[in-house]
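Here's the structure we're looking at; comments come further down.
For this chain, numbers begin at 1 and follow the sequence in order. Note that ligands are numbered from 1 as they come in the structure, with each ligand's atoms numbered from 1 the same way.
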Amino acid sequence: MDEAFVEQCVLDLYKIEAIKFGSFTLKSGMQSPFYFDLRTVVSHPKIMETVAKLLWAARPSSTYDLVCGVAYTGLPIAAIMSLREDIPMLIRRKETKGYGTKKLVEGSYTKGQRCLMVEDVIVSGSSVYETVETLRELGLEVKDAVVFLDRQQGGAANLNATGINVVSVLGIIKLMSILYKHGCITSEVLESVKEFVSTHNETSIKTKDKASYKNGVLVKDRKHCTYESRVTTTDHPLASTLFELMSTKKTNLCVAADVTTSQELLALADKVGAHICLLKTHVDILQDFSQDTIDKLKALAEKHNFLLFEDRKFGDIGNTVAQQYGGGSHNIVEWAHLVTAHGLPGDGIIKGLMSAANGRTRGCVLVAQMSSEGTLTSQEYVQGCTKMAEKHTYFVVGMVSQSNVSSDPRFILFTPGVQLKKAGDTLGQQYVTPKAAVLERGADVIIVGRGITQAEDPAAAALIYKEEGYAAYLERIEQKLENPSAVGS
Ligand code: S5P
């Protein structure tokens, strides 16, 4: 690579303010004294072409079938490479579409094809890895990534640990030296960036489905921990109880008892009780709700050793939910161990629920994602819910989810929309199998309603779901991660 060519490109990037100095908050929340934003090159086609040329020249091998840019800045750069080198490209979406094909990757490919990753900047390497992970799941071979700027904060080591060879056009120290040499920055700025890099080189990759790598070292994530080991990792006594009973009863099945009479509810609870860890109710569906129903339900929960989970999906301000939870005709706080709540109102909802719980051992499950078609929960919303959960680990035991929204072993992920026979209903419900829920979507607990309640023999159906769900969990924890380079391949 021609050094003068690299220097000129750095100066051009400086001129168009692709590199800035000051105080910036990175995606991870880290404060940085500089910010490299290659997005601005889209307004400067010649510079963008130079960046693409330099990246192509940096590629570690000459044999690729495809290129794929990491969204967003990597995309136009990969498109230029694709055009110049006559090599097909792929696009990996940031999130799946809620309509149409729901494909995460656009473009044609066949299994075994070699794909080169293209990225503008790496900090921890998470964005590159997330994209690689998706491509590897489709059977593509992804071993190399070219990066324009390595911020030298551990990203390359993290990616190397997952079997990705990273080649960068330049590292931040070299870039700073070029700017200093040409009088663009003072020696103080140069020193402050050097100081920052030397003290901020511990980053980790938190992947959606697999393990976590901190400085290239594997950290065990939720999906690979046993329920038993999580009894002591959680901050919440009810989560501990649940993990304990899941591992002793060998079940991760929660039955959604959506029936309309107390008689049906109690009969169902007695039939499926031996096979479940939780019974989920919607007591507002019951035509004849009474304290007697609750007393009998509590007795059945004792008899069969399961917890009661009222799916009230609270969604209002703290003051209102406190009254709904601790009063009204259902007095949910008195009998339900767990309740669902939306994250939408913000922290106040948790504070409201806690005030009504008033010291009782109770917990809530935040609805982070829904199983229904057209659900509005965006990635930002999901992240907001997990942040809320992290802030309130003494009350939030986990999330209702459809994907691996957290790798934190303290949280329990509950996945509804599970059925063996149907793909959906006529009102927007969408189903996956117990195996897919546990292995692909990261469920700790599968929630099954009509698959069991409408079966000819609900007890026999519950046994089948229990066995399938638990077998998938055993398969998941058995997946060995000792050889990090095998991850995702
Ligand atoms: O996203 C969701 C969240 C929940 S809690 N999708 C859901 O279906 N649920 C609940 O799970 C729903 O209210 C119902 O009680 C159960 C699924 O029932 P099924 O009959 O479709 O299995």
Side-chain angles (χ1 to χ4, degrees), residues 96 98 242 252-260 264-265 268-269 271-272 275-286 289 297 306-315 330 332 336-344 349 363-379 381-382 385-386 389 396-406 411-438 440-456 458 461-462 464-466 468-469:
T96 26
L242 189 55
N252 50 15
L253 174 64
C254 166
V255 165
D258 299 336
V259 291
T260 53
E264 285 172 282
L265 175 67
L268 178 70
K271 276 186 204 150
V272 300
H275 307 308
I276 62 175
C277 58
L278 287 158
L279 187 80
K280 188 173 82 60
T281 50
H282 279 295
V283 284
D284 50 359
I285 301 179
L286 289 178
F289 176 86
L297 199 57
F306 59 78
L307 297 183
L308 296 173
F309 182 14
E310 167 57 22
D311 191 7
R312 176 62 179 73
K313 293 195 184 70
F314 290 108
H330 297 133
I332 296 167
H337 300 101
L338 300 175
V339 281
T340 45
H342 289 293
L344 183 73
I349 191 165
C364 97
V365 178
L366 284 178
V367 183
Q369 290 176 316
M370 293 204 64
S371 58
S372 42
E373 210 179 320
T375 171
L376 299 179
T377 56
S378 65
Q379 222 172 15
Y381 184 78
V382 172
C385 286
T386 48
V396 180
V397 300
M399 272 74 72
V400 170
S401 62
Q402 290 295 316
S403 64
N404 187 29
V405 298
S406 175
F411 296 127
I412 308 170
L413 299 195
F414 303 79
T415 302
V418 176
Q419 262 245 38
L420 280 163
K421 292 202 176 109
K422 283 190 183 162
D425 66 12
T426 54
L427 299 175
Q429 176 69 299
Q430 305 175 113
Y431 291 117
V432 294
T433 61
K435 191 170 174 171
V438 173
E440 290 161 26
R441 302 194 168 202
D444 288 315
V445 172
I446 54 168
I447 299 179
V448 183
R450 286 163 286 179
I452 291 172
T453 57
Q454 293 185 356
E456 239 173 70
I464 293 170
Y465 278 94
K466 165 193 151 168
E468 296 242 346

Of the protein's non-hydrogen atoms, which lies at the shortest distance from atom 6 (N) of ligand 1, and what is that distance? S371 OG, 2.7 Å
Could you check atom 21 (O) of ligand 1 against the protein and tell me its nearest heavy-atom contact, residue, atom and distance included? Y431 OH, 2.7 Å
Going from OG on S371 to CD on Q419, what distance comes out if it is rounded to the nearest 0.5 angstrom? 11.5 Å
Do the non-hydrogen side-chain atoms of E468 and L420 ever get within less than 4.5 Å of each other? yes
Taking distance alone, with N or O pairs closer than 3.5 Å, would you say K280 contacts ligand 1? yes
Is it the side chain, the backbone, both or neither of F414 that has a heavy atom closer than 4.0 Å to ligand 1? neither
Students often mix this up, so state it plainly: with edges at 30° and 60°, are the rings of H330 and F289 parallel, tilted or perpendicular? perpendicular
Contact partition for K313 relative to ligand 1, non-hydrogen atoms under 4.0 Å: side chain
Is there a nitrogen or oxygen of G449 sitting under 3.5 Å from a nitrogen or oxygen of ligand 1? yes
Side-chain donor-acceptor contact under 3.5 Å, E310 with T281: yes
E440 CD to T433 OG1 distance, which is reported to the nearest 0.5 Å: 7.0 Å
I need the L279 CG to L308 CG distance, nearest 0.5 Å. 6.5 Å
Short list, please: which atoms of ligand 1 are under 4.0 Å from a heavy atom of R450? 19 (P), 20 (O), 21 (O), 22 (O)
Ignoring hydrogens and angles, tell me if any N or O in the side chain of N252 forms a donor-acceptor pair with the backbone of G469 under 3.5 Å. yes
Less than 3.5 Å between some nitrogen or oxygen of S372 and one of ligand 1, yes or no? no
If you measure from CD on Q369 to OG on S378, what distance do you get to the nearest 0.5 Å? 10.0 Å
Give me the nearest non-hydrogen protein atom to atom 5 (S) of ligand 1 as residue plus atom name, then the distance to 0.1 Å. D311 OD2, 2.9 Å
Where on M370 is there a heavy atom closer than 4.0 Å to ligand 1, on the side chain, on the backbone, on both, or on neither? both
Would a 4.5 Å heavy-atom cut-off, applied to side chains only, mark C254 and I446 as touching? no
Of the backbone atoms (N, CA, C, O) and the side-chain heavy atoms from C-beta on, which set of A256 has a member under 4.0 Å from an atom of ligand 1: side chain, backbone, both, or neither? side chain
So is T340 touching ligand 1 or not, going by heavy atoms under 4.0 Å? no
To check your reading of the model: name the closest protein heavy atom to atom 14 (C) of ligand 1, its residue, and the distance in Å. D258 OD2, 3.2 Å
Judged by heavy atoms only, the candidate from Q429, H282, Q402 nearest atom 8 (O) of ligand 1 is Q429
Taking atom CG of L278 and atom CZ of F309, what is their separation to the nearest 0.5 Å? 6.5 Å
Atom 3 (C) of ligand 1 has as its nearest protein heavy atom P416 CG, 3.4 Å
